[in-house]
Amino acid sequence: VERSRGLGDVYKRQDYESKQEGGYKALAIMEQQLQQTSFLIGEQFTTADISLYAYTHVANEGGFELVKFPNIMNWLKKVSLQANFIAMKT
């Protein structure tokens with residue numbers, strides 16, 4: 001039995017779609033930058049990479065398709081290969 005969608009469901013869907021739109025814009029900017037440089041600020045690994053890695057490496061859990069962003073996928077691998085990298089346990 002399909003239940004009718006209430007207003008709360010509509011707002012949740014709109015909120016989700018809004019976050020998806022903003023998230024994909026951010027990923028597109030990262031992708032563009034990573035076409036030009038090895039890391040987000042340039043050729044050196046910085047706190048910018050650490051900060052954005054934290055969310056980006058689990059973006060698929062929020063419904064983002066990272067396979068559409070090959071430079072981000074390569075960057076995630078580069079970050080994980082940095083000295084003293086410690087993966088988060090899930």
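Just so we're clear, the structure is a prediction, and the values are computed from it rather than from any experiment.
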| request: Might you confirm whether atom CD of Gln20 has over 12 heavy atoms from other residues, nucleotides or ligands at distances under 6.0 Å? | output: yes
| Distance (rounded to the nearest 0.5 Å) between Phe69 CZ and Gln32 CD | 11.5 Å
| remark: Taken to the nearest 0.5 Å, the spacing of Phe45 CZ from Phe85 CZ works out to 8.5 Å
| task | Mind running side-chain contact (heavy atoms from CB on, under 4.5 Å) on Thr56 and Trp75 for me, showing each step along the way? | result | CA-CA 10 Å; Thr56 307; Trp75 169 78; 4.0 Å; yes
| message | Within this structure, what is the CG-OG1 distance for the pair Leu52 and Thr46, rounded to the nearest 0.5 Å? | response | 9.0 Å
| field | Heavy-atom closest pair, residues Ile72 and Glu31 | value | N-OE1, 3.0 Å
| Shortest non-hydrogen contact between Ala48 and Leu40, atoms and distance | O-CD1, 3.8 Å
| field | Side-chain donor/acceptor of Ser80 to backbone N/O of Lys77, under 3.5 Å | value | yes
| When rounded to the nearest 0.5 angstrom, what is the spacing between CG in Leu34 and CE in Met73? | 12.5 Å
| query | Under 3.5 Å, side chain of Gln44 to main-chain N/O of Ser38, donor-acceptor pair present? | reply | no
| field | Closest non-hydrogen atom pair between Gln36 and Glu43, with its separation | value | O-OE2, 4.1 Å
| task | Give the cluster check for Ile50 versus Leu76: same hydrophobic cluster or not, with ILVMFWY residues linked at side-chain heavy-atom distances below 4.5 Å. | result | yes
| task | Given side-chain contact (heavy atoms from CB on, under 4.5 Å), test Leu66 with Leu27 step by step and report yes or no. | result | CA-CA 8 Å; Leu66 290 180; Leu27 290 169; 4.0 Å; yes
| task | Could you give me the CA-CA distance, side-chain angles and deciding distance for Glu65 and Tyr24, then say whether side-chain contact (heavy atoms from CB on, under 4.5 Å) is met? | result | CA-CA 9 Å; Glu65 297 179 49; Tyr24 274 114; 3.8 Å; yes
| Over 12 foreign heavy atoms within 6.0 Å of OH, Tyr55 | no
| query | Given the rule in the side-chain contact (heavy atoms from CB on, under 4.5 Å) test, do Gln82 and Phe39 qualify, once you have shown the distances and angles that lead to the verdict? | reply | CA-CA 12 Å; Gln82 294 301 301; Phe39 295 99; 3.5 Å; yes
